[in-house]
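In what follows, a structure is listed as structure tokens, so that the remarks can point back to it.
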Number of protein chains: 2
Amino acid sequence: MRIGELSRRTGVPVPTIKYYLREGLVPHGERTSPNQARYDEAHVHRVRLVRALTEVGGLSIAAARDVLALMHEPGRGRLGSIGKVHFAVQAARQPHTDEPSESSVARTNDLIEQRGWHVRPTNPARAALAGVLDYFTRLGQPDVLGLLDDYADAAEKLAVAEIDTLGGRDVDHMAEHVVMMTVLGGALLNALRGLAQESAASAKMT
Amino acid sequence: MRIGELSRRTGVPVPTIKYYLREGLVPHGERTSPNQARYDEAHVHRVRLVRALTEVGGLSIAAARDVLALMHEPGRGRLGSIGKVHFAVQAARQPHTDEPSESSVARTNDLIEQRGWHVRPTNPARAALAGVLDYFTRLGQPDVLGLLDDYADAAEKLAVAEIDTLGGRDVDHMAEHVVMMTVLGGALLNALRGLAQESAASAKMT
């Protein structure tokens with residue numbers, strides 16, 4: 001298909017697709033004339049993937065390119081590289097917080113230990129968690145910290161179910177699945193929280 | 001305190017604080033001379049709040065200003081306006097998705113009905129949920145859609161616990177609490193998912 005059809009199929013404007021091509025987020029099509037190229041289903045899929053990363057996941061163009069490169073690098077078939085992709089997409093999505101305080105780092109370590117979670121020291125979510133805990137403390141929202149166990153319970157339960165869906169999958173598609181689970185799963189949970197919170201509030205108030 | 005002290009207390013550089021002042025995100029201090037002003041604890045708190053909204057919540061400066069204006073508008077003491085703040089902060093955080101498909105909107109409505117959730121038609125999370133469902137479908141990730149009930153269970157359980165923490169609070173602080181619960185609670189959950197996913201994956205692989 002030509003670029004116009006690629007645009008119709010994905011709902012992404014032609015100039016945006018050209019930008020993705022220039023930035024190396026989407027591979028070039030097969031050139032059929034000096035200023036025309038042919039695209040296929042793999043391009044449709046890739047454009048949608050870029051869209052999910054940038055629009056839903058909020059990744060910058062540079063971060064999306066890095067994550068896509070890791071997802072498609074040779075040797076990604078090995079399980080170790082799935083973990084690398086998981087860390088990369090997480091790191092790209094975590095908020096920019098200052099260096100976390102010692103007490104929040106300690107609290108994070110305690111929580112991981114109490115839960116019996118196996119988490120490498122390099123997991124970017126460690127610093128993210130400690131950084132967010134600092135915000136709660138500084139803003140005087142101790143009640144929400146009382147919910148830490150509820151959040152951890154929810155995260156643990158979901159993680160087990162999420163990782164179970166990896167089972168039936170060939171290792172080639174795992175990297176993409178992990179990225180989508182992180183990005184789209186997070187957005188899904190966010191939206192559902194927004195609905196459930198309104199409902200819980202309305203039940204409480206009436 | 002002077003602006004330098006405000007900067008030290010909050011860890012936010014002076015030029016950034018000046019930018020917040022110019023953009024109306026932080027109220028001006030009490031002027032003590034033509035080019036000096038005095039700031040107090042309320043300013044410290046406000047700068048941290050702006051930081052939480054923009055750095056952790058990923059809100060744009062304009063969106064943060066709108067949310068802060070709603071949080072502090074006269075009459076916010078009434079419960080109806082708490083709901084307004086909740087919708088505003090959610091709308092600012094939801095991903096930019098295209099108009100959702102009819103089938104995803106129907107799926108969203110079904111889920112809300114099956115759950116017995118009371119959700120107004122104007123809740124911005126409705127369109128967000130439908131939009132994310134479309135991404136899953138288009139990217140061929142049906143397994144994750146099988147987890148929809150798990151995500152909804154988690155969201156519901158958390159929402160009930162979250163709304164419970166509102167109980168003891170005077171109505172004046174509710175708006176801020178709701179915003180922080182949405183923004184920081186979401187970041188907390190994200191980080192915890194990142195930790196729990198690694199742990200669940202490592203348990204599965206060994």
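Chain naming here is simple, since letters A, B, ... match the order of the sequence lines and numbering starts at 1 in each. In what follows, every heavy atom counts, from backbone to side chain, and hydrogens, waters and symmetry copies are set aside. Nothing here was measured: the structure is a model prediction, and the numbers come from that model.
Around the CD atom of A:Glu5, the shell of radius 6.0 Å holds more than 12 heavy atoms that belong to other residues, nucleotides or ligands. Around atom CD of A:Glu23, more than 12 heavy atoms belonging to other residues, nucleotides or ligands sit under 6.0 Å away.
Of the listed residues A:Thr108, A:Leu158, A:Val160, A:Thr54, the one with more heavy-atom pairs under 4.5 angstrom with chain B than any other is A:Leu158. With chain A as partner, the option from B:Leu139, B:Leu129, B:Val89 having the largest number of non-hydrogen pairs under 4.5 angstrom is B:Leu139. Contact tally against chain B (heavy-atom pairs below 4.5 Å) for A:Gly58, A:Ala187, A:Ala196: the top residue is A:Ala196. Contact tally against chain B (heavy-atom pairs below 4.5 Å) for A:Asp150, A:Leu49, A:Leu189: the top residue is A:Leu189.
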Check the pair B:Leu192, A:Leu111 against side chain to side chain contact (heavy atoms under 4.5 Å, CB included), reporting the backbone distance first and the verdict last. CA-CA 10 Å; B:Leu192 287 164; A:Leu111 182 140; 3.8 Å; yes
Determine whether A:Leu188 and B:Phe136 satisfy the following criterion, side chain to side chain contact (heavy atoms under 4.5 Å, CB included), listing intermediate values before the conclusion. CA-CA 10 Å; A:Leu188 207 59; B:Phe136 275 117; 3.7 Å; yes
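Residue contact with chain B, scored on non-hydrogen atoms closer than 4.5 Å, involves the backbone and the side chain of A:Glu55 alike. Both the backbone and the side chain of A:Thr182 come within contact range of chain B, each with at least one heavy atom under 4.5 Å from a heavy atom of that chain. Proximity to chain B is absent for every atom of A:Arg115, based on heavy atoms less than 4.5 angstrom apart. Both the backbone and the side chain of B:Glu198 come within less than 4.5 Å of a heavy atom of chain A. Heavy atoms of B:His45 lying under 4.5 Å from chain A belong to its backbone as well as its side chain.
Annotation for B:Ala154 and A:Ala154: closest pair CB-CB, 4.1 Å, computed over non-hydrogen atoms. Closest heavy-atom contact between B:Ser199 and A:Trp117: OG-CA, 3.3 Å. Annotation for B:Glu162 and A:Tyr151: closest pair OE2-OH, 2.5 Å, computed over non-hydrogen atoms. B:Tyr135 approaches A:Arg48 most closely through the heavy-atom pair CE2-O, 3.9 Å.
Once rounded to the nearest 0.5 Å, the distance linking CD1 of B:Ile163 with CD of A:Gln197 reads 6.0 Å. Atom-to-atom distance recorded for A:Arg138:CZ and B:Thr10:OG1 is 9.0 Å, nearest 0.5 angstrom. Interatomic distance, A:Ile112 CD1 to B:Leu195 CG, rounded to the nearest 0.5 Å: 4.5 Å.
Two residues are said to be in side-chain contact when any heavy atoms from C-beta on lie closer than 4.5 Å; B:Arg193 and A:Gln90 fail this criterion.
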